[in-house]
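Just so it is clear, the structure is predicted and the values come from calculations on it, not from any experiment.
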Amino acid sequence: MYDIKMVREDFPILSRKIYNRPLVYLDNGATTQKPRCVVEAMVDEYYNVNANVHRGVHFLSQQATDLHEQSRETVRAFINAQSAAEILFTRGTTESINLLAFCFGEAFVRTGDEIVVSTMEHHSNIVPWQMLCERKGARLRVIPMADDGTLLLEDYRALFNERTKIVCCTQVSNVLGTVNPVKEIIGEAHRRGVPVLIDGAQSTPHFPVDVQELDCDFFAFSGHKIYGPTGVGVLYGKEEWLEKLPPYQGGGEMIKNVSFERTTYNELPYKFEAGTPDYVATHALARALDYVSALGMEQIYGHEQELTRYAMERLREVEGMRIFGPEEPHDAVVSFLVEGIHHLDMGTLLDRLGIAVRTGHHCAEPLMRRLGIEGTVRASFGLYNTKEEVDALVEGVKRVVKMF
């Protein structure tokens, strides 16, 4: 086990006080805090290596380019992609999915075709596909969910037909903490010749991901949810698929030759990276991945699993408590409601105790309708959280209950 006290010292914000109380930060599903090494990497590059990447012949440009491309290799190794050409830098999971929905739709989706998503998807893995369906006259099909918060795989199998073009599924629900059997989901699709996108925004920060072992065709995640900077993310795609897709945007970097008669596009991955990338953020993302790798993803997973089980056990002490999602497998998210208390009221009052949680529908309104609720209180854990913070959450909830 890693030393949690030393880990917390890497995150200066955790020593802050909120309303004269120690900050208890349990909103990691929305965004994680940043270790010193990530912020220092950004400062150092802006102060010492700042120059536009690619094509520059001067020293700073070549140095910045090297850092940018080394970062791509760091990402490749982190998710075990076969080639760095399969790693596309984006602004985050949302842009990654929008990129894929547009490009895949342009190449492969026609009137009457069908796209499969699950009941528990984040809006970012619903709306881009809906927009594609509206544009192309296609249809969205939905994998249903059982009452315990797990997907109904027999119903999933029944959704396939000759018009099914792609399956899009989250690896971990940002509301329920459900860890979906994505390898099985991918296998079922591949037996029918259908590619699969996995939304890894809520899985990549918490346990090891191996895209080759999963055999997914596309995989997306965000830097800011894995202790990196905001505004940077990744779309992984198998090279054979990326070669078939048209570009997402036009401009500099994504071209080989331009004339007024015709433009030819660049090789992978640059075909999908029009314009100046956020090369400072990509370097900082690589430092974040180095940081979690040094701690050990298995160790992080073990620590967070212990916290999650402890939190679920302790929250059940509260009268009127309802916890959502399956008992197992359940990742580092606990969503709950207390009978008679609106989730917004609970979150607002917990905030006055220095406890940061998320309230609302968590960008998953269709899931909320399936559950028959408007929203939940969500506590989500990171590698720096402690059992003492879970205790503070539980005592805070109990205090709020007494007020009502």
So do the side chains of [X] and [Y] get within less than 4.5 Å of each other, counting heavy atoms only?
{"X": "E304", "Y": "F207", "result": "no"}
{"X": "I126", "Y": "P366", "result": "yes"}
{"X": "L197", "Y": "I97", "result": "yes"}
{"X": "L176", "Y": "V333", "result": "no"}
{"X": "V175", "Y": "M368", "result": "yes"}
{"X": "Q33", "Y": "Y384", "result": "yes"}
{"X": "E188", "Y": "K183", "result": "no"}
{"X": "H224", "Y": "P229", "result": "no"}

Please check: side-chain N/O of [X] versus main-chain N/O of [Y], any donor-acceptor pairing under 3.5 Å?
{"X": "S380", "Y": "G29", "value": "yes"}
{"X": "Q305", "Y": "H330", "value": "yes"}
{"X": "D3", "Y": "K5", "value": "yes"}
{"X": "E86", "Y": "E239", "value": "yes"}
{"X": "R76", "Y": "A81", "value": "yes"}
{"X": "N125", "Y": "V117", "value": "no"}
{"X": "S222", "Y": "G233", "value": "no"}
{"X": "T119", "Y": "I143", "value": "yes"}
{"X": "R163", "Y": "T111", "value": "yes"}
{"X": "T263", "Y": "V258", "value": "no"}

In terms of heavy-atom contacts, does [atom1] of [X] have more than 12 from other residues, nucleotides or ligands at under 6.0 Å?
{"X": "R110", "atom1": "CZ", "value": "yes"}
{"X": "E9", "atom1": "CD", "value": "yes"}
{"X": "R141", "atom1": "CZ", "value": "yes"}
{"X": "Q212", "atom1": "CD", "value": "yes"}
{"X": "R55", "atom1": "CZ", "value": "yes"}
{"X": "E395", "atom1": "CD", "value": "yes"}
{"X": "R352", "atom1": "CZ", "value": "no"}
{"X": "R192", "atom1": "CZ", "value": "yes"}

Carefully, step by step, assess D27 and R378 under the rule salt bridge (charged side-chain N to carboxylate O under 4.0 Å, His left out). CA-CA 8 Å; D27 194 22; R378 185 185 73 183; 3.7 Å; yes
Quick one: sort the [X] and [Y] rings into parallel, tilted or perpendicular, breaks at 30° and 60°.
{"X": "F89", "Y": "H68", "result": "tilted"}
{"X": "F104", "Y": "F108", "result": "tilted"}
{"X": "W241", "Y": "F218", "result": "tilted"}

With no hydrogens and no angle check, do the side chains of [X] and [Y] hold a donor and an acceptor under 3.5 Å apart?
{"X": "T94", "Y": "S124", "value": "yes"}
{"X": "N385", "Y": "Y25", "value": "no"}
{"X": "H54", "Y": "E69", "value": "yes"}
{"X": "D215", "Y": "H190", "value": "yes"}
{"X": "D10", "Y": "Y291", "value": "yes"}
{"X": "N98", "Y": "Y248", "value": "no"}
{"X": "D199", "Y": "Q171", "value": "no"}
{"X": "N52", "Y": "Y279", "value": "no"}

Would you give the length of the straight line joining atom [atom1] of [X] to atom [atom2] of [Y], rounded to the nearest 0.5 angstrom?
{"X": "L367", "Y": "H123", "atom1": "CG", "atom2": "NE2", "answer": "9.0 Å"}
{"X": "L140", "Y": "C133", "atom1": "CG", "atom2": "SG", "answer": "5.0 Å"}
{"X": "E313", "Y": "T308", "atom1": "CD", "atom2": "OG1", "answer": "12.5 Å"}
{"X": "T74", "Y": "I79", "atom1": "OG1", "atom2": "CD1", "answer": "12.0 Å"}
{"X": "D44", "Y": "N50", "atom1": "CG", "atom2": "CG", "answer": "11.0 Å"}
{"X": "F219", "Y": "I87", "atom1": "CZ", "atom2": "CD1", "answer": "10.0 Å"}

Where L307 and G382 come nearest, the two heavy atoms and their spacing: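 Minimum heavy-atom contact is CD1-O, 4.3 Å.
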Which atom of L132 lies closest to which atom of G105, heavy atoms considered: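 Where L132 meets G105 most closely, the heavy atoms are CD1-CA, 3.5 Å.
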Under the side chain to side chain donor-acceptor pair (under 3.5 Å) rule, what do Q62 and T65 come out as? Steps first, then yes or no, please. CA-CA 5 Å; Q62 293 187 45; T65 299; over 6 Å; no
Basic-acidic side-chain contact under 4.0 Å: [X], [Y]:
{"X": "R316", "Y": "E327", "result": "yes"}
{"X": "K387", "Y": "E306", "result": "yes"}
{"X": "E253", "Y": "K271", "result": "no"}
{"X": "K238", "Y": "E243", "result": "no"}
{"X": "K136", "Y": "D113", "result": "no"}

Decide side-chain contact (heavy atoms from CB on, under 4.5 Å) for L371 and M145; before the verdict, give the C-alpha distance in whole Å, the side-chain angles of both, and the deciding distance to 0.1 Å. CA-CA 10 Å; L371 295 170; M145 186 186 79; 4.0 Å; yes
Test log, rule salt bridge (charged side-chain N to carboxylate O under 4.0 Å, His left out), inputs R370 and E365: CA-CA 9 Å; R370 169 63 181 83; E365 288 188 64; over 6 Å; no
cation_pi(K34, Y227) dist<6.0 Å, angle<=45: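 Pair K34/Y227 does not count as cation-pi.
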Using the rule given for salt bridge (charged side-chain N to carboxylate O under 4.0 Å, His left out), can you reason through R139 versus E114, listing the C-alpha separation, both sets of side-chain angles and the distance that settles it, and then say yes or no? CA-CA 5 Å; R139 180 186 179 196; E114 296 182 355; 3.4 Å; yes
Go through it in stages, so that I can follow the logic: the residues are D331 and Y301, the test is side chain to side chain donor-acceptor pair (under 3.5 Å), and I'd like the CA-CA distance, side-chain angles, deciding distance and then a yes or no. CA-CA 9 Å; D331 204 38; Y301 175 73; 5.6 Å; no
Is there a salt bridge (charged side-chain N to carboxylate O under 4.0 Å, His left out) between R287 and D290 once you walk through the steps? CA-CA 5 Å; R287 297 291 72 75; D290 287 341; 2.4 Å; yes
